[in-house]
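Worksheet: one structure, shown below.
One is the number of the first residue; the rest follow in order along the sequence. This one's a predicted model, so the numbers in the text were calculated from it and none came from an experiment.
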Amino acid sequence: MDGLDKTMEQRVWQRVLNQSAGKQEDLRGLILTAAEALAASRSLAGSLAGRPREQMKRILELQQRNLQALKGMQRLSGGQNRPVKVDVESPRNALETQYYRIRKLRTEYTARTADPEFGPIFQQLARREEEACCLLMEILGSR
């Protein structure tokens, strides 16, 4: 009977470790997308003036907090926080591109709200991205 218990224990640990590895990969992708969104917002903030610039600074703050939270989740999942290198793009329709990027992040976070460990955190991240989307719409409407 002891051998059966040992086999069962090995299977359980294998499942746990495989789930952790999948979660780490999943978080790396989100971290990269969040870092790209942050870099784009930083670039946009430099190109705006007045109220739109202040709104973009608020978006920057929200995105920085989300990126830090994602890195915290990765750390707790056993992953390493490596520097993320992103290229800053300069598309002609940068605000529109940024809106769709942030909306995608919101969708990704919302899809993970059922996660047993980080669900409530993903819910908060999604709310921040919703606020960022609203602010971007205001910026777009003012131009």
Side-chain angles (χ1 to χ4, degrees), residues 4-143:
L4 185 59
D5 290 341
K6 191 71 167 167
T7 304
M8 180 65 91
E9 181 181 354
Q10 287 174 341
R11 280 194 217 146
V12 169
W13 277 111
Q14 186 176 15
R15 273 197 306 256
V16 168
L17 293 174
N18 283 340
Q19 288 174 352
S20 293
K23 190 178 279 189
Q24 289 172 27
E25 277 300 314
D26 199 31
L27 288 173
R28 277 190 210 118
L30 285 175
I31 287 170
L32 178 60
T33 304
E36 288 171 346
L38 180 65
S41 289
R42 193 172 283 131
S43 175
L44 283 165
S47 68
L48 297 170
R51 181 164 165 74
R53 183 182 186 123
E54 293 308 310
Q55 290 168 313
M56 189 57 69
K57 285 183 181 180
R58 174 66 180 149
I59 292 170
L60 267 169
E61 177 192 341
L62 294 168
Q63 291 176 326
Q64 182 66 46
R65 291 174 65 192
N66 281 359
L67 182 58
Q68 289 169 341
L70 287 169
K71 288 180 176 182
M73 285 186 272
Q74 184 179 36
R75 183 174 177 180
L76 285 179
S77 296
Q80 294 181 350
N81 286 322
R82 294 180 227 145
V84 178
K85 181 177 166 110
V86 292
D87 295 323
V88 178
E89 61 199 31
S90 300
R92 200 171 353 161
N93 298 318
L95 287 169
E96 291 90 344
T97 301
Q98 184 65 344
Y99 169 77
Y100 290 114
R101 182 183 289 119
I102 291 172
R103 194 178 79 179
K104 178 185 175 196
L105 279 169
R106 184 197 150 282
T107 301
E108 293 288 337
Y109 298 150
T110 300
R112 288 164 175 78
T113 57
D115 181 282
E117 187 173 2
F118 299 126
I121 297 166
F122 280 119
Q123 191 173 30
Q124 179 65 31
L125 300 182
R127 278 194 292 265
R128 288 179 189 157
E129 296 301 356
E130 285 174 8
E131 182 179 349
C133 283
C134 287
L135 288 166
L136 272 170
M137 283 299 113
E138 290 175 22
I139 293 169
L140 285 164
S142 71
R143 303 186 126 250

Separation of Gln123 CD from Thr113 OG1 (nearest 0.5 Å): 6.0 Å
message: Please find the pair of heavy atoms, one from Met137 and one from Tyr99, that lie closest to each other, and give the distance.
response: CE-CD1, 3.3 Å
query: Taking all non-hydrogen atoms of both residues, which atom of Ile59 and which atom of Ala132 are closest, and how far apart?
result: CD1-O, 3.7 Å
- prompt: Does Thr110 reach the main-chain N or O of Arg106 with its side chain, forming a donor-acceptor pair under 3.5 Å?
  reply: yes
- prompt: Is there a donor in the side chain of Gln63 and an acceptor in the side chain of Ser41, or the other way round, less than 3.5 Å apart?
  reply: yes
- request: Might you point out which heavy atoms bring Pro52 and Ile139 nearest each other, and give the distance in Å?
  value: O-CD1, 3.6 Å
field: Atom pair CG (Leu67) and CZ (Arg65), whose distance is rounded to the nearest 0.5 Å
entry: 13.0 Å
message: Taking atom CZ as the centre, does Arg127 end up with more than 12 heavy-atom neighbours from other residues, nucleotides or ligands that are less than 6.0 angstrom away?
response: yes
Polar contact flag, side-chain donor to acceptor under 3.5 angstrom, Arg101-Gln98: yes
message: Using a 6.0 Å cut-off, check whether atom CZ of Arg75 has over 12 heavy atoms from anything other than its own residue.
response: no
task: Quick one: pull up CD1 in Ile102 and OG1 in Thr97 and give me the separation to the nearest 0.5 Å.
output: 11.0 Å
message: Tell me the closest heavy-atom pair linking Leu30 and Leu70, and the distance in Å.
response: O-CD1, 3.9 Å
query: Hey, what do you get for NZ (Lys57) to CG (Leu135), rounding to the nearest 0.5 Å?
result: 14.0 Å
Contact check, side chains of Tyr109 and Leu105, non-hydrogen atoms, under 4.5 Å: yes
field: Exercise: identify the closest heavy-atom pair between Leu125 and Met73
entry: CD1-CE, 3.7 Å
message: Against Glu129, only a single residue in Asn66, Leu62, Thr107 fulfils side chain to side chain contact (heavy atoms under 4.5 Å, CB included); can you say which?
response: Asn66
- request: State, yes or no, whether a side-chain contact exists between Thr33 and Glu108 at a heavy-atom distance under 4.5 Å.
  value: no
message: If the test is side chain to side chain donor-acceptor pair (under 3.5 Å), which one of Glu54, Glu61, Gln55 qualifies with Arg58?
response: Glu61
- prompt: With a 4.5 Å limit on heavy-atom distance, are the side chains of Leu32 and Arg28 in contact?
  reply: no
message: Set out, in order, the CA-CA distance, both residues' side-chain angles and the distance that settles side chain to side chain contact (heavy atoms under 4.5 Å, CB included) for Arg51 and Glu138, then state yes or no.
response: CA-CA 10 Å; Arg51 181 164 165 74; Glu138 290 175 22; 3.7 Å; yes
query: Do Tyr100 and Arg103 have side-chain heavy atoms sitting under 4.5 Å apart?
result: yes
- prompt: Which value, rounded to the nearest 0.5 Å, describes the distance between Leu44 atom CG and Leu60 atom CG?
  reply: 9.0 Å
